[in-house]
Each structure stands twice: as C-alpha cells, then as structure tokens.
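Read through the structure below, which is laid out as structure tokens, and then see the notes.
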Amino acid sequence: MKLEGKSVFSGIAIGKCKVFGKKESLVKRNKVADTASEIKRFSQAKEQAKGQLALLYDKALREVGEANAMIFEVHQMMLDDLDYVESITNMISSQGINAEFAVATTGDNFAEMFAAMDDDYMRERAADVKDISNRVIGILQGDHSRGELGDEPVILLADDLAPSETVQLDKSKVLSFVTRHGSTNSHTAILARTMNIPALIGVDFPEEAEGKMAIVDGKKGLFILEPSQEELETYRELRRQEEHSARLLQELKGQENITKDGKTIQLYANIGGVGDVASVLANDAGGIGLFRSEFLYLESQDYPTEEQQFKAYRTVAENMAGKKVIIRTLDIGADKQVGYFNLDKEENPAMGYRAIRICLDRKDTFKTQLRAIYRASYYGNISIMFPMIISVDEVRRAKALCKEVEEELKCEGIPFSDVELGVMIETPAAAMISDLLAEEVDFFSVGTNDLTQYTLAIDRQNPKLDAIYDPHHEGVLRMLRMIIDNGHKGGCWVGICGELGADVTLTETFLQMGVDELSVSPSMILRVREQIRKSNASI
C-alpha cells in the first residue's frame, strides 16, 4: 500500500510501525466480592503510576529542564488528590465494583467537571485527569506500555504529537515520524528536523499498520506499507548511499564556515529547550542563534519563576562554554497558546495579541524573564532578541525595561555581563523601518517563517496553502536584501534564524546579499557548512 503525504524532512526510514495515540482502555463493569482487596489493588496501581511519573519527571528534567518537567509532578499530585481517591474507593466499596471501572468513571466525572469551568487553566486539567486515570487503568489491566516504543527502533505513526508528548519518547527508538495532521511548521516537523530523521504529514494511515513493515521516503513524500521484497532492496540501497553521504559530511566537523572566495560566516543552531544543546555541540554549531524561550512557558502549568528560568538559561550558557547564545524573549500567542495567560480568543491570532505586545503590557512577567536572562549572562555569552517588532517605540520600551533590570541587579549585588540586544525582523513593517531600528540595537535576526507568512498573506499553519507558500518569492528576497543593507549601514550584524536559513539552494544568494550569520536546526549545520564552502560570497 502506497500513501502520499507531505515531506517535512528528507531521508529514508525502513522499519516496523508503531501507532502512537491517546488510546483509552476499554473498561468493563464487573462485580467483586472482596472490596478491601480491590481497594488495595487500586492503591498499588496508583503508587506504581506515581513511580512511572517520577521517572518521566527525571527524564524530562535532564532533557528539557525543570519548567518543562513540572507537568509530571502535577500528575503525581493529582493522583493523591483526596477527592479523586475517595471517589474511587467509595465507588468500589459501596457498589462492589472492580477498580478499573471505578477509576474510569471517576476520571470521566472529574474531567467533565473541569471541562465545564470558566477558567482556562482549570479546563486544561480535564485532559490531565483523563491521562492519570488511563495510566492507572493500564496498570490495572496489565498494560504497561503507555506509549513506550519497545526495544526495536520504529516508524512512529500518530495523529499529531504535542510538545509535552515527545518528552515521553525514547528518541533513539524513533526512525521516522508519520502523522495524519500537522503542518510543515508543526512541532513534530521541527522535532524531526532537529533529530535529522525523515518525516511526513498528511498521511491517512490505517490503524492496522501497527507492527507492520513500512518504508518512509521523505524525499518523495511516500509512505509504503508492507513493501514488496524488490521495494525493500531498492530502498535499502538508497539508504546505504545516504549513510555514505552522511559520513562524508562528518568530515566537515571542525572545518571553517568559509566561502571559496574567503568570506567567513557564523553558523549557529536553533533550539527549543535545554535538551537540544547536546545536538548543537554534536553537530559543531558555532553558537545558538535562536533559543525559543516560550517552551519554558508552554510546558509549564503556571508562570515559570525567575529561578526556574535562570537555571535553564545558565545551563545552556555554561554548556556552550563562551559560544554565543541568543535568547528570544517570550513569544506566545498565535499558534502557541498558554492557558494560564488567559488570553482572549481572537479571530486572527497570528496578527493579534502576541510576543512583545504581551510582554510590554505584562511588565512583571517580562521583567522576571529579563532578570533571569541577565543573571545567566554572567555564566556565558548571552544576547537577547525581541520578537514581533513593528516600531521603534516598542524597541525603546523593551530597552528601558532592560535598563531597569540592570539597575536592580546592581543594587542587589547580583553579577551580570554585557548583553547584546537585537530584534527579530519578521514583519514587513520592521523590514521597511530597518534603517531606523538599526540605530537602536546591536543586531538583526530575520525570522523568515513569519516574514514570508505576512508578506505573502498566507497562514503557514494552514496545510491547504502549502502549495502557494513560496519562501523564494522575489518579494521576500527583496525584503531580505533591504534588511541586510540597512542593518549594515546602521552598524548591526544581520542573521537569518527562520527555516529559510537551512535552504541550501539559497545559501549562496544569502552570502552574496552580505548576511553575517545563519541559524538552522542542529542537524542541518554540516549540510549548510558544506554549501558555504562550495559558494562564492562575491557576485
């Protein structure tokens, strides 16, 4: 069976399929004679579930930091909630029913109660209580898998994957991602590019694919279920050729990012959390050009504290050992919603209340983040960039808050280092006033994903528009030339941190435009370096 999808990362994967989903266990109501034993069985399953969650917390702490790991602490506390536990035990003792049914019924009842609440944060707890209930039911029924991938690497099939779900995956066991939903800019797509594995979206795979052999062709956008022997042999040979090319790329480690005609360019990596730093170092990036700090907020159940943020930023700065780390300040809104921010529903959130607009309104939240960043700067080479800028006034207000933070830290005797300030150029407005912005900051970083979206008036999250989403559009390229020219005239260095930076068909064009830095997924560092060394910076 051949199914077509849209490729989000090229390459070939061959292996058995694993359907990953939030499957709820089928629970039957049974009468029990010994209710005391049944309550004990529930208590033991609950403790086992807490043990699993503690292990997940430790794993998340190592990979993505404390703020992102908190969800698993919250789940442990919910399992001990007195109302939740009493509901289950009372149901078992008064109705004489099995623990599985009591847990399932309580989970459903509590989820409905949370879902009916007005508060966004409390409504989100509906999914959490269902999750912990399903975990306990799985243990009671002898199903301990909980999305675990087994010993053999697999092609992971899913409707889509949320950022928090990926924490639970043993990424060394994932050969490829294939999803029914999502877009080329979804979290799953970004994760696939970070992991350097093939991925497809928009594939309507059958549920019975579980355990069957398959091929993912990330170049052609093909998912081949139960391939013939001839197809297997053909793709195994193609994969051998790919692996040979990858080994050649490894020879570029330690080499300079220098063009044929002698121009050197900085080549940095984009990351979404502390856990990505290992990949940055393994792929020999010169620094971090985009640290998406919103992941600290997206995967937390409440506003991350100054201390939590400081620890994450300090860890990254120390691990990078003096190499540049550019932290993008909080960029939520649009497709990145955080319940506890209680943002109003918007008709057009991509152009709504988001990023710097929220930060300048909620100064206490913004200053908490800025204090954490400035404190961490003492331990490395940290820069700050502000997203979604459309005016000089926004930059000046953000800089004033930075100055306030500096003065506060001085008064408190807390050390910090000099911090470069920059802006993301991702709106046509910022591009058009880039000459004025250059007078205010030390650097520009062009977010080509949003700049392309706004320039072409195309929602990049809408897969129906993928066919006409053209980042090579001359209008986008002309804006890039203007931004680079204006930045240099104003004394700024200029980089590109959007997905376009990894498009090796444009590398030479960017070099000839005069770009100073490219920041790409860690897995693309060596490929872009190879292209830089083949290119000429002069026209």
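Side chain to side chain, N270 and S521 fail the donor-acceptor criterion of an N or O pair below 3.5 Å. No donor-acceptor contact under 3.5 angstrom links the side chains of Y303 and Q308, judged on distance only. Neither side chain, T259 nor N536, offers a donor N or O lying under 3.5 Å from an acceptor on the other.
Remark: side-chain polar atoms of T427 are paired, donor with acceptor, to backbone N or O of I389 under 3.5 angstrom. Counting only distance, with no hydrogens or angles, the side chain of D284 and the backbone of G254 share a donor-acceptor pair below 3.5 Å.
Pairs engaging residues 501-517 under the side-chain hydrogen bond (donor to acceptor under 3.5 Å, both in side chains) rule: H472-D503, H488-D516, D503-T505 [sequence neighbours left out].
Annotation: side chain of L437 is in contact with side chain of I425 (closest heavy-atom distance under 4.5 Å). Side-chain atoms of F510 and L518, non-hydrogen and from C-beta on, do get closer than 4.5 Å to each other. Residues I265 and L511 meet the side-chain proximity criterion, which asks for heavy atoms closer than 4.5 Å.
Other residues, nucleotides and ligands contribute at most 12 non-hydrogen atoms within 6.0 Å of the NZ atom of K220. Heavy atoms from other residues, nucleotides or ligands lying under 6.0 Å from CE of M482 number more than 12. Heavy-atom contacts from other residues, nucleotides or ligands closer than 6.0 Å to CZ of R180 number more than 12. Heavy-atom neighbours of D418 CG from other residues, nucleotides or ligands within 6.0 Å: at or below the threshold of 12.
For the pairing with T452, the side chain to side chain contact (heavy atoms under 4.5 Å, CB included) check across L456, N449, T455 returns one residue only, L456.
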Show me the side-chain donor-acceptor pairs of residues 366-377 shorter than 3.5 Å, one per line, residues at least two apart or across chains.
unit_1: K367; atom_1: NZ; unit_2: E404; atom_2: OE1; d: 3.0
unit_1: K367; atom_1: NZ; unit_2: E408; atom_2: OE2; d: 2.5
unit_1: T368; atom_1: OG1; unit_2: D364; atom_2: O; d: 2.9
unit_1: Q369; atom_1: OE1; unit_2: L330; atom_2: N; d: 3.0
unit_1: Q369; atom_1: NE2; unit_2: S293; atom_2: OG; d: 2.8
unit_1: Q369; atom_1: NE2; unit_2: Y313; atom_2: OH; d: 3.1
unit_1: R371; atom_1: NE; unit_2: E306; atom_2: OE1; d: 2.8
unit_1: R371; atom_1: NE; unit_2: E306; atom_2: OE2; d: 3.4
unit_1: R371; atom_1: NH1; unit_2: E408; atom_2: OE1; d: 3.3
unit_1: R371; atom_1: NH1; unit_2: E412; atom_2: OE2; d: 3.1
unit_1: R371; atom_1: NH2; unit_2: E412; atom_2: OE1; d: 2.9
unit_1: Y374; atom_1: OH; unit_2: E406; atom_2: OE2; d: 3.4
unit_1: R375; atom_1: NH1; unit_2: E306; atom_2: OE2; d: 2.8
unit_1: R375; atom_1: NH1; unit_2: E307; atom_2: OE1; d: 3.3
unit_1: R375; atom_1: NH2; unit_2: E307; atom_2: OE1; d: 3.3
unit_1: S377; atom_1: OG; unit_2: Y374; atom_2: O; d: 2.5
unit_1: S377; atom_1: OG; unit_2: S417; atom_2: N; d: 3.0

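Applying the salt bridge (Lys or Arg N to Asp or Glu O under 4.0 Å) criterion to D442, with sequence neighbours excluded, gives no partner residue.
Ion pairing between a basic and an acidic side chain is recognised when a charged N comes within 4.0 Å of a carboxylate O; R240 and E237 show such pairing.
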